[in-house]
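So you know, we letter chains A, B, ... as the sequences are listed, proteins then strands, and number each from 1. Here the structure is a predicted model, which is why all the values come from computation and not from measurement.
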Amino acid sequence: MTEPHDPRGNLVRPYAVTRGRTEPIRDIPIEAVLVATPAAVQEARFAGHDKYRIAVLCEPKAQSLAELAALTRLPLGVARVLVADMVADSLLTLHSAAPRKGFTERMDLLGRVLSGLRKL
Amino acid sequence: MDYASSERAGAPPSEIISAKIVIAGGFGVGKTTMVGAVSEIEPLTTEAVMTSAGAGIDDASKVPEKGTTTVAMDFGRITMAEDLILYLFGTPGQTRFWFMWDELIRGAVGAAVLVDTRRLTDAFAPLDYFENRHLPYLVAVNCFDEAPRYEPEEVREALAIPARVPLIMCDARHRESVKAVLIGVVEHAMATLVAEHEQGVGVG
Ligand SMILES: Nc1nc2c(ncn2[C@@H]2O[C@H](COP(=O)(O)OP(=O)(O)OP(=O)(O)O)[C@@H](O)[C@H]2O)c(=O)[nH]1
Ligand SMILES: [Mg+2]
């Protein structure tokens with residue numbers, strides 16, 4: 001049986017995919033990137049359709065939370081919950097957003113971004 | 001740019017850092033065009049479901065049926081190295097979605113506020129927003145073909161932009177021009193960080 005089209009669209013999906021839980025395990029920044037762990041795609045087959053799709057997307061290439069939400073067409077908050085779950089289950093590795101503290105760390109990052117832009 | 005080959009070969013880098021720059025501005029000023037001019041991917045759109053009161057992003061549980069709205073943000077990506085990715089986020093244009101901006105600017109390197117000289121007054125609200133946030137920003141005047149030509153100083157005066165905020169004229173469609181804007185944002189962020197460091201404030 002195919003699912004009937006729900007006119008409320010995305011608004012009902014948060015319940016369906018996350019079983020009513022809307023609190024993400026971790027507050028993952030939208031630009032933080034995720035990489036699939038070696039067995040992720042295999043294991044995610046049993047973790048549900050959306051988690052499987054996320055694992056497949058993160059397998060060849062690091063993807064930000066924003067990219068995962070956009071490519072799966074899931075609302076950002078839903079993608080964040082699923083991704084946090086997958087990090088907790090060791091399906092994904094969470095990488096860090098830019099440092100927000102420490103003069104040297106921040107200057108180093110800005111310097112790298114600057115030279116990256118100049119090389120574009 | 002091709003890092004794809006190194007992605008597969010060998011071990012992935014142990015830590016991939018991602019940074020973001022925010023492209024802000026009112027409705028239709030050219031934010032998506034600017035993101036697309038330098039992004040290695042077609043700009044993507046992500047949607048956030050939120051309550052119309054702005055109480056919580058994606059917190060549909062509190063308002064299951066009414067009062068939720070979907071806000072779209074577009075963004076692009078520049079893979080700078082195997083272990084460094086820059087994302088460019090365009091803000092949602094409509095002013096009623098400004099609470100979304102707070103999530104967008106959190107942790108950002110800096111922002112560019114795009115201004116359309118045909119509708120200068122639309123820029124007041126975005127400029128006010130950044131004047132009241134602790135994030136380095138500059139003003140980028142998008143020179144639309146049919147728009148009246150102003151000198152940079154005329155725009156600065158008309159919009160009461162403080163002298164410490166850099167102002168750049170740009171064309172959001174052109175890669176080199178957008179590069180210059182982004183370089184300006186990062187240079188300004190560095191100068192701001194150095195100044196704060198020397199004053200002993202904002203030291204983390
Ligand atoms: N002539 C000219 N047209 C531009 C320029 N930048 C954007 N445009 C055009 O202006 C229109 C709006 O540009 P968008 O990039 O969609 O603007 P936006 O700020 O993303 O708009 P919203 O997301 O709806 O707020 C498009 O038709 C662009 O092609 C520019 O520098 N010069
Ligand atoms: Mg747009």
Do any of residues 64-72 of chain A have a heavy atom less than 4.5 Å from a heavy atom of chain B, and if so, which, in residue order?
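Expected list: A:Ser64, A:Ala66, A:Glu67, A:Ala69, A:Ala70, A:Leu71.
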
With a 4.5 angstrom heavy-atom cut-off, which part of A:Leu109 approaches chain B: side chain, backbone, both or neither?
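The answer is the side chain of A:Leu109.
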
Could you state the interatomic distance from CZ (A:Arg73) to OG1 (B:Thr46), rounded to the nearest 0.5 Å?
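Output value for this atom pair is 11.0 Å.
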
Could you give the distance from CG (B:Leu193) to OG1 (A:Thr104), rounded to the nearest 0.5 Å?
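One gets 9.5 Å once the value is rounded to the nearest 0.5 Å.
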
For the candidates [options], which exhibits the highest count of non-hydrogen atom pairs separated by less than 4.5 Å from chain A?
options	value
B:Ala19, B:Gly107, B:Ala108	B:Gly107
B:Met73, B:Met190, B:Glu187	B:Met190
B:Leu104, B:Leu84, B:Leu182	B:Leu84

Under the ring-ring contact (aromatic ring centres under 6.0 Å, His included) test, residues paired with B:Tyr87 that sit two or more places apart
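For B:Tyr87, no residue satisfies ring-ring contact (aromatic ring centres under 6.0 Å, His included) once neighbours in sequence are set aside.
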
Would you say the side chain of [Y] lies within less than 4.5 Å of the side chain of [X], judging by non-hydrogen atoms?
X	Y	answer
A:Asp27	B:Arg106	yes
A:His95	B:Ile17	no
A:Leu76	B:Glu47	no
B:Phe75	A:Ile30	no

Is there a side-chain contact (heavy atoms from CB on, under 4.5 Å) between B:Arg77 and A:Glu31 once you walk through the steps?
CA-CA 10 Å; B:Arg77 164 174 174 151; A:Glu31 73 276 19; over 6 Å; no

Give the intermediate values and the outcome of side-chain contact (heavy atoms from CB on, under 4.5 Å) for residues B:Val109 and A:Arg106.
CA-CA 9 Å; B:Val109 160; A:Arg106 289 163 74 194; over 6 Å; no

Would you mind checking which part of B:Asp83 comes under 4.5 Å of any heavy atom in chain A, side chain (CB onward), backbone (N, CA, C, O), both or neither?
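Both parts, backbone and side chain.
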
Where on B:Val194 is there a heavy atom nearer than 4.5 Å to chain A: the side chain, the backbone, both, or neither?
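For B:Val194, the contact with chain A is made by backbone and side chain together.
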
B:Lys179 and A:Leu117: which non-hydrogen atoms are nearest, and at how many Å?
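So the minimum-distance heavy-atom pair works out to CE-O, 3.4 Å.
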
Is the number of heavy atoms from other residues, nucleotides or ligands under 6.0 Å of B:Phe27 CZ greater than 12?
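It does not: B:Phe27 CZ has 12 such atoms or fewer within range.
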
Between B:Glu15 (side chain) and A:Ser96 (backbone), is there a donor-acceptor pair under 3.5 Å?
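Between the backbone of A:Ser96 and the side chain of B:Glu15 there is a qualifying donor-acceptor contact (under 3.5 Å).
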
Taking NZ, NE, NH1 and NH2 as the nitrogens, is one of them in B:Glu103 or A:Arg80 under 4.0 Å from a carboxylate oxygen of the other?
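Judged by the 4.0 Å cut-off on N to carboxylate O distance, B:Glu103 and A:Arg80 do form a salt bridge.
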
